Novice: 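Before anything else, here's the structure in question.
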Amino acid sequence: MAESAKTEEEKRRAAGDEEPETEEDSTSELMKKIEELSIIPEKKGPIDDPGESEIQAVTSGNTVYEAAVKFEDLDLSKELIKGLYVAMDITRQSKIQAISMHMITTPPYKDLVAQAHNGSGKTTCFVLGMLSRIDPTKEGPQAMCICPTRELAQQNKAVLMRMGKFTAITSMCAIPSDSASYVPMYKRPEVKEHVVFGTPGTIKKLMTAKKLRTCNIKILVFDEADHMLAESGFKDDSERIMRDIRRESGGCQVLLFSATFNETVKAFVSHVVRDGNQIFVKKEELTLEKVKQYKVRCYRDREHPDECLKTKVIKQILDFGRMIGQTIIFVQTREGARNLYKELSKEGWDCTAIQGALNIEHRDKIIKEFKDGLTLVLITTDLLARGFDQEQVNLVVNYDLPVVYESLKRGSPEPDCEVYLHRVGRTGRFGRNGAVFNLLGSREEEAMLEMIEHYFQHSIPKVDNWEDEKNLKKAIQDSGLM
DNA sequence: AAAAAAG
């Protein structure tokens with residue numbers, strides 16, 4: 001099943017790559033594609049994913065927006081339409097795209113806070129929004145996107161370059177660079193590119209060094225906005241960047257995107273974009289139907305307290321996982337990532353590990369190898385919990401459950417349900433199948449997973465007797481993989 | 001403790 005889906009995917013990809021490059025040919029190819037689209041599924045309108053049915057939109061003021069059923073309804077340039085259909089191979093709009101695109105691309109360009117499920121195409125919304133607002137004949141930044149990690153900034157930039165392939169729009173990443181190629185801010189040239197993707201620290205430094213002119217910014221995006229605006233360490237920088245750019249640009253459009261907005265953040269961001277449009281999803285509706293979640297109980301043995309059963313379970317899961325696609329294993333700490341990597345690679349298991357303490361060259365290399373499909377198993381901290389998009393990932397393993405740090409200090413560990421949701425969202429993207437295994441090494445961890453089940457009103461089945469490989473295999477089969 | 005950043 002997964003096999004056939006994959007080959008079909010690959011076929012389409014290959015076909016896309018062999019697209020004739022001459023202007024006439026690719027345009028007629030485009031027209032053909034558009035024709036096909038208008039006869040096939042449009043009566044059904046936007047993708048009717050079961051998981052996407054509960055999106056609620058609140059528009060501000062008396063601006064009337066119509067849902068855009070097709071991208072052609074959006075008054076986009078033909079270069080952008082071509083980018084969507086030919087370079088991106090996007091055929092239909094997802095629900096979040098249908099609801100939000102007019103809000104983003106239509107005057108009076110109101111601010112927007114938009115929540116939608118993991119893997120439902122939020123990036124396409126804001127990247128298309130940015131591209132549509134840019135005048136490529138003018139030099140310098142006209143759109144900016146703030147991200148929580150270097151990896152996400154780079155990934156988003158890659159999406160923009162692909163979607164804007166047939167335009168003259170340029171982009172750059174403002175993220176920390178490796179020590180060898182570091183250039184002090186005062187020595188840098190002024191940013192000439194149209195779009196800047198970056199992390200808060202580097203963006204802020206470029207702005208204060210006057211190397212990043214923000215007066216022509218028309219659209220400012222915060223990806224993973226709830227995180228950027230609520231988490232200490234990000235909050236102050238993000239707010240300052242938003243305030244400065246709003247002032248300098250004379251009131252640019254601000255877009256806040258994330259899969260999660262808890263009640264506290266919701267109240268706060270609604271204040272930030274007071275006159276804006278809002279799209280929210282109920283938290284019970286956020287779990288992905290296509291992703292099957294499991295718990296595996298592997299408590300430490302009283303007779304062998306040093307033996308780590310979790311590692312044993314991992315190896316069993318990887319036996320299957322490596323046959324069907326790529327796997328991401330989440331751990332809580334940097335040291336945990338190092339240790340598990342050592343443990344697995346020592347015994348000849350082919351895997352890599354990434355965490356924030358690695359040097360930048362190494363980080364980039366690990367990500368590239370994984371995105372290229374050269375490595376099948378990636379161990380990571382919550383560095384990759386949000387936003388990381390790799391369609392071949394069909395297995396996620398929570399070696400450790402995400403914990404709210406403050407609750408640890410209080411002595412009663414609570415799970416971080418939002419991080420849990422984001423981790424789960426690394427698989428099952430765009431309606432694909434996926435499976436998540438939660439390894440429970442103690443009574444406390446079992447209790448935490450119960451709290452997660454309660455939070456999402458979604459019960460997670462247990463895989464009994466994991467020592468027998470058949471049971472793990474059956475779980476993977478039940479999730480539609482293999 | 002993870003994420004960013006520090007030059």
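Proteins get letters first, then strands, A, B, ... in listed order; numbering begins at 1 in each. Since the model is a prediction, treat every value here as computed from it, not as a measurement.
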Novice: Can you name the side chain to side chain contact (heavy atoms under 4.5 Å, CB included) partners of A:Thr149, sequence neighbours left out?
Specialist: A:Glu151, A:Leu152, A:Leu383
Novice: Mind calculating the distance between CD (A:Glu418) and P (B:dA2) to the nearest angstrom?
Specialist: 20 Å
Novice: Report yes if a side-chain nitrogen or oxygen of A:Thr202 is closer than 4.0 Å to either non-bridging phosphate oxygen (OP1 or OP2) of B:dA4; otherwise report no.
Specialist: no
Novice: Rounded to whole Å, how long is the line connecting atom CZ of A:Arg188 with atom P of B:dG7?
Specialist: 12 Å
Novice: Grab the CD1-C1' distance between A:Ile203 and B:dA5 for me, whole Å please.
Specialist: 13 Å
Novice: Can you list every pair that meets salt bridge (charged side-chain N to carboxylate O under 4.0 Å, His left out) and has a residue in residues 314-326 of chain A, with sequence neighbours left out?
Specialist: A:Lys315-A:Glu347
Novice: Can you check ring pair (Phe, Tyr, Trp, His ring centres under 6.0 Å) on A:Phe280 and A:Phe261, steps first, answer last?
Specialist: CA-CA 8 Å; A:Phe280 288 117; A:Phe261 286 98; 5.7 Å; yes
Novice: Measure from CZ on A:Phe222 to P on B:dA3 and round the result to the nearest Å.
Specialist: 21 Å
Novice: Under 4.0 Å between a side-chain N/O of A:Arg386 and OP1 or OP2 of B:dA2, yes or no?
Specialist: no
Novice: Which listed nucleotide (B:dA2, B:dG7, B:dA4) is nearest to the side chain of A:Tyr182?
Specialist: B:dG7
Novice: Does B:dA2 have its OP1 or OP2 closer than 4.0 Å to a side-chain nitrogen or oxygen of A:Arg423?
Specialist: no
Novice: Kindly indicate whether the side chain of A:Glu231 and the base of B:dA2 share any N or O donor-acceptor pair separated by less than 3.5 Å?
Specialist: yes
Novice: Take atom CZ of A:Arg338 and atom P of B:dA1, then tell me their distance rounded to the nearest Å.
Specialist: 12 Å
Novice: Given B:dA4, B:dA5, B:dG7, identify the nucleotide with an atom nearest to the side chain of A:Leu383.
Specialist: B:dA4
